[in-house]
Number of protein chains: 2
Amino acid sequence: MQGPPEKRPIGMVLWKTVNETGRAFDLALSSVGGSRPMWFILLALKADPVASQREIAATVGIQGATLTHHLTAMEADGLLTRRRDPANRRVHLVELTDRGEAAFQRMRDAALDYDRKLRQGIPDEDIDRLRDTLDRLRENSASIMKSTRGHGTHT
Amino acid sequence: MQGPPEKRPIGMVLWKTVNETGRAFDLALSSVGGSRPMWFILLALKADPVASQREIAATVGIQGATLTHHLTAMEADGLLTRRRDPANRRVHLVELTDRGEAAFQRMRDAALDYDRKLRQGIPDEDIDRLRDTLDRLRENSASIMKSTRGHGTHT
DNA sequence: CACCAATCGTTTGACATCTAACTTTTAGAT
DNA sequence: ATCTAAAAGTTAGATGTCAAACGATTGGTG
């Protein structure tokens, strides 16, 4: 007795979707001098105009080391400033400059246009459900990470 | 007059979800000596035991250059063989070796376990809907890529 | 005060992915 | 037959991401 044909694992579908949609998005952003991580970092900063790096990393879902990398480049490019929080000198507070604000405005047009095209023909309700289910997957993966700490046996 | 509060752009939620779930998955696979791209390539080869590189790349959603990179490493590791198709010598046919088969079996346990934990508490119906909506997003992004060919104005 | 552990961020070195340019091979047109 | 264009892979160089180790700062405890 044989079960129903195996469906594609959801992790693979997710990964493939982000690879492919991400390529298209990067192409759209590069036409205004931007990139995916840059756009999402700017977006996080607009939502929270004076944020610590830890907060930004959590918002965009990348590791601190990766964020440092991007912030260093963006600061060198004059898009933002980093200064220590006088109240807690471990924390680095990040703020957009006028130049960063302008970059945000430029990318926003490209991003909105891309988002509209990406959702073409898909009801808002479906997108909302998608967002909810993705959130649940993220919650589960956070649990997995916590319970898997240090179980690696290789290398 | 002000519209409803902006929802998080679906592209950002997607990207964040794949970053975070992918980290957990990589951790699970590394404990049996595997990695995400390796696993998905093996999976594609199991579904289509003698495939061209072009087919594999399309199945897993990466570019040909990226696939070349992984296949070179996996071939050096004895997991697969590459040989030219006598009927069309441009094509390289890829096949799993016994060693590759064994690697697949090892990773499968880790992958199934991860998949089960990831879906914990989420109805199958929701996962099916997720898969469908992701497919529609991929279709749309394919259309965007076609119509955007060469519209880049920067650099 | 002095130590110790935790927190925030950076650095380093590895891997993954992409685009653009290139090689080899095939198919089509003349 | 030869030329040209397209297709399949590879290579080179750039960017993005991570984990692990480190540095600086703080808070807690003796």
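In what follows, every heavy atom counts, from backbone to side chain, and hydrogens, waters and symmetry copies are set aside. Since this is a predicted model, take the numbers as computed values, not measurements. Labels below follow one simple rule: chain letters A, B, ... track the order of the sequence lines, proteins then strands, and each chain is numbered from 1.
The backbone N or O of A/Arg8 sits less than 3.5 Å from a side-chain atom of B/Arg131, completing a donor-acceptor pair. No side-chain donor-acceptor contact under 3.5 Å links B/Asp77 to the backbone of B/Leu79. In this structure, the side chain of A/Lys16 engages the main chain of B/Thr59 through a donor-acceptor pair within 3.5 Å.
Note that CG of A/Asn19 is 9.0 Å distant from CD of B/Gln63, once rounded to the nearest 0.5 Å. To the nearest 0.5 Å, the span separating OG1 on B/Thr81 from CG on B/Leu71 amounts to 10.5 Å. Taken from CD in A/Glu55 to CG in A/Leu93, the straight-line distance is 8.5 Å, to the nearest 0.5 Å.
Residue A/His70 has a polar side-chain atom (N or O) positioned under 4.0 Å from OP1 or OP2 of D/dT17. Close to C/dC18, at under 4.0 Å from its OP1 or OP2, lies a side-chain N or O of B/Thr66.
Atom NE2 in A/His69 sits about 8 Å away from atom P in D/dT15, given to the nearest Å. Going from atom CG of B/Asp26 over to atom P of C/dC15 covers 13 Å, rounded to whole Å. Taking atom CG on A/Leu27 and atom P on D/dA14, their separation rounds to 20 Å, with Å as the unit. Following rounding to the nearest Å, A/Phe25 (CZ) and C/dC18 (P) show an atom-to-atom distance of 16 Å. One can place CD1 of B/Ile56 at 13 Å from P of D/dA8, the figure rounded to the nearest angstrom. Look at CZ on A/Arg84: it is 5 Å from P on D/dT25, rounded to the nearest Å. Rounded to whole Å, atom P of C/dT19 lies 12 Å from atom CD1 of B/Ile62. In this structure, A/Gln63 atom CD and D/dA21 atom P are separated by 15 Å, rounded to whole Å.
One finds a salt bridge joining B/Asp135 and B/Arg138 here, because a Lys/Arg side-chain nitrogen approaches an Asp/Glu carboxylate oxygen to under 4.0 Å. Salt bridge absent: A/Lys7 and B/Asp124 never bring a charged side-chain N and a carboxylate O closer than 4.0 Å. Between B/Arg119 and B/Asp115, at least one side-chain nitrogen of the basic residue sits less than 4.0 Å from a carboxylate oxygen of the acidic one, meeting the salt-bridge criterion.
Side chains of A/His92 and A/Arg83: no donor on one and acceptor on the other come within 3.5 Å.
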TODO: For each nucleotide in nucleotides 3-10 of chain C, reading 5' to 3', give B when a protein heavy atom comes within less than 4.0 Å of its base, S when such contact involves only the sugar-phosphate, and - otherwise.
DONE: ---BBSSB
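Relative to the axis of its first five pairs, the axis of the last five pairs of the helix from C/dC1-D/dG30 to C/dT30-D/dA1 sits at 10°, rounded to 10 degrees.
Where A/Arg89 and A/Arg36 each meet DNA chain D at their nearest nucleotide, the meeting point lying more 5' is that of A/Arg36. Along DNA chain D, the nucleotide nearest to B/Ala51 and the one nearest to B/Glu20 differ in position, and the one closer to the 5' end is contacted by B/Ala51.
Residues from residues 8-15 of chain A lying near DNA chain C, meaning a heavy-atom separation below 4.0 Å, are A/Trp15 in numerical order.
Linking Ile, Leu, Val, Met, Phe, Trp and Tyr residues whenever their side-chain heavy atoms come within less than 4.5 Å places B/Ile122 and A/Leu130 in a single cluster. Two different hydrophobic clusters hold A/Val91 and A/Val94 under the rule that ILVMFWY side chains link at heavy-atom gaps under 4.5 Å.
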